[in-house]
Amino acid sequence: MLLGCYLVRYTPAGKVKVKIVETEAYHQEDPASHSFRGVTPRTAPMFEAGGRLYVYFTYGMHYAINIVVGPKGVGEAVLIRAAEPIEGIEIMRQNRGITDINNLTNGPGKLAQALGITDTKLSGKILNRSSILLEAGETISAQNIKAAPRVGIKHAVDLPWRFYIKNSPFVSKI
């Protein structure tokens, strides 16, 4: 479970840390997944063993961060949709060019920008062996987790593979 875990990024400006509050799951048998059509240069990290990053550019303007979770050869990843800013908030504000803490990381593109991810160079990198680390966090009880359909996709929209912490002000706006 990634909800409640921390993502830590070391940037030239300093350390930033966020708590994951919203995710979406994707699998190679899912027509909404980038891995659905098989291995390509872009999707190759999704088919590596879990614990890697899959970073991609979307809509011609945003980067998105995924954590690969499946065994080698199976294209599975979890999109990190939103997070709660914990540390390095001023760095995140500078990266995003805004001051409103509730709007810093409440969407996948906003989160990547706040973490200073401006290209796909981290795609395929192993977590905790690059500038991004995944740390254990607080355990979120099942009654505090909401499952819902994923957003921003055209296929398999009915699958309840979007998970978020109930009542978190940092969940993405839909």
Side-chain angles (χ1 to χ4, degrees), residues 1-26 32-34 53-69 77-123 125 127-128 130-154 156-174:
M1 173 66 68
L2 292 170
L3 293 177
C5 290
Y6 297 103
L7 275 180
V8 178
R9 173 98 199 273
Y10 290 94
T11 74
K15 176 183 174 184
V16 292
K17 182 176 185 176
V18 297
K19 180 173 84 173
I20 299 170
V21 298
E22 183 180 2
T23 62
E24 282 183 354
Y26 291 89
S33 178
H34 291 177
L53 293 168
Y54 170 51
V55 179
Y56 63 89
F57 193 56
T58 186
Y59 302 119
M61 60 196 330
H62 301 291
Y63 291 91
I65 307 160
N66 295 256
I67 297 176
V68 177
V69 294
V78 174
L79 171 65
I80 309 303
R81 281 199 56 84
E84 176 182 344
I86 301 295
E87 188 177 331
I89 294 169
E90 287 307 313
I91 296 168
M92 288 186 257
R93 284 180 169 144
Q94 290 172 0
N95 288 346
R96 293 263 300 117
I98 64 168
T99 58
D100 178 11
I101 193 169
N102 290 321
N103 201 31
L104 279 178
T105 55
N106 63 336
K110 294 175 184 181
L111 175 60
Q113 187 179 28
L115 294 176
I117 295 173
T118 59
D119 56 41
T120 59
K121 289 179 185 172
L122 288 170
S123 196
K125 301 290 185 190
L127 281 164
N128 300 353
S130 67
S131 65
I132 296 186
L133 303 119
L134 181 66
E135 295 180 348
E138 61 185 83
T139 301
I140 309 298
S141 64
Q143 62 262 29
N144 288 322
I145 297 173
K146 174 93 171 132
R150 297 171 297 182
V151 296
I153 58 173
K154 294 178 180 154
V157 294
D158 58 328
L159 294 174
W161 288 357
R162 177 176 160 249
F163 303 93
Y164 61 92
I165 299 174
K166 289 181 189 176
N167 303 317
S168 170
F170 302 100
V171 170
S172 64
K173 308 295 183 249
I174 301 171

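Nearest heavy atom pair, residue K121 against residue K125, reads O-CE, 3.5 Å. Here the shortest heavy-atom pairing between L79 and A64 reads CD1-CB, 3.8 Å. Considering all non-hydrogen atoms of both residues, F57 and T120 come closest at N-CG2, 4.2 Å. Heavy atoms only, all atoms of each residue included: N128 and L133 are closest at OD1-CA, 2.8 Å. In plain terms, the two heavy atoms of I86 and K19 that are nearest each other are CG1-N, 3.7 Å. A112 and I65 get closest at one heavy-atom pair: CA-CD1, 3.8 Å.
Atom CD1 of I132 is separated from atom CG of L53 by 5.0 Å, given to the nearest 0.5 angstrom. Here I101 contributes atom CD1 and I89 contributes atom CD1; the two are 3.5 Å apart, rounded to the nearest 0.5 Å. Separation of atoms CG (N102) and CZ (F170) is listed at 5.0 Å; rounding is to 0.5 Å. Distance check: M1 CE to I20 CD1 gives 11.0 Å after rounding to the nearest 0.5 Å. For the atom pair SG of C5 and CG of L127, the computed distance is 10.5 Å after rounding to the nearest 0.5 Å. Note that OG1 of T139 is 11.5 Å distant from CG of N144, once rounded to the nearest 0.5 Å.
Between the side chain of R9 and the backbone N or O of V16 there is no donor-acceptor pair closer than 3.5 Å. In this structure a side-chain-to-backbone donor-acceptor pair under 3.5 Å is missing from Y10 to S131. With hydrogens and angles ignored, the 3.5 Å screen pairs a side-chain donor or acceptor of R96 with a backbone N or O of N103. Using a distance-only test at 3.5 Å, with no hydrogens or angles considered, a donor-acceptor pair links the side chain of T105 to the main chain of A83.
Residue-environment remark: CG (D100) exceeds the threshold of 12 foreign heavy atoms within 6.0 Å. Taking a 6.0 Å sphere around NZ of K15, one finds it holds more than 12 heavy atoms contributed by other residues, nucleotides or ligands.
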Subject >> Stepwise side-chain contact (heavy atoms from CB on, under 4.5 Å) check, V18 with M92 >> reply: CA-CA 10 Å; V18 297; M92 288 186 257; 3.8 Å; yes
Original post:
Run the side-chain contact (heavy atoms from CB on, under 4.5 Å) check on N66 and Y56 step by step: do they pass?
Top reply: CA-CA 8 Å; N66 295 256; Y56 63 89; 3.0 Å; yes
**OP:** Run the numbers on E84 and I165 for side-chain contact (heavy atoms from CB on, under 4.5 Å), then give the verdict.
**Re:** CA-CA 11 Å; E84 176 182 344; I165 299 174; over 6 Å; no
**OP:** May I have the step-by-step check of side-chain contact (heavy atoms from CB on, under 4.5 Å) for L7 and L134, ending in yes or no?
**Re:** CA-CA 5 Å; L7 275 180; L134 181 66; 4.1 Å; yes
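Screening T99, I98, L111 against L104 for a side-chain contact (heavy atoms from CB on, under 4.5 Å) leaves a single residue, I98.
In summary, R81 and E22 engage in a salt bridge, as defined by a charged side-chain N under 4.0 Å from a carboxylate O.
Q113 is not listed as a side-chain neighbour of K110, based on a closest heavy-atom distance of 4.5 Å or more.
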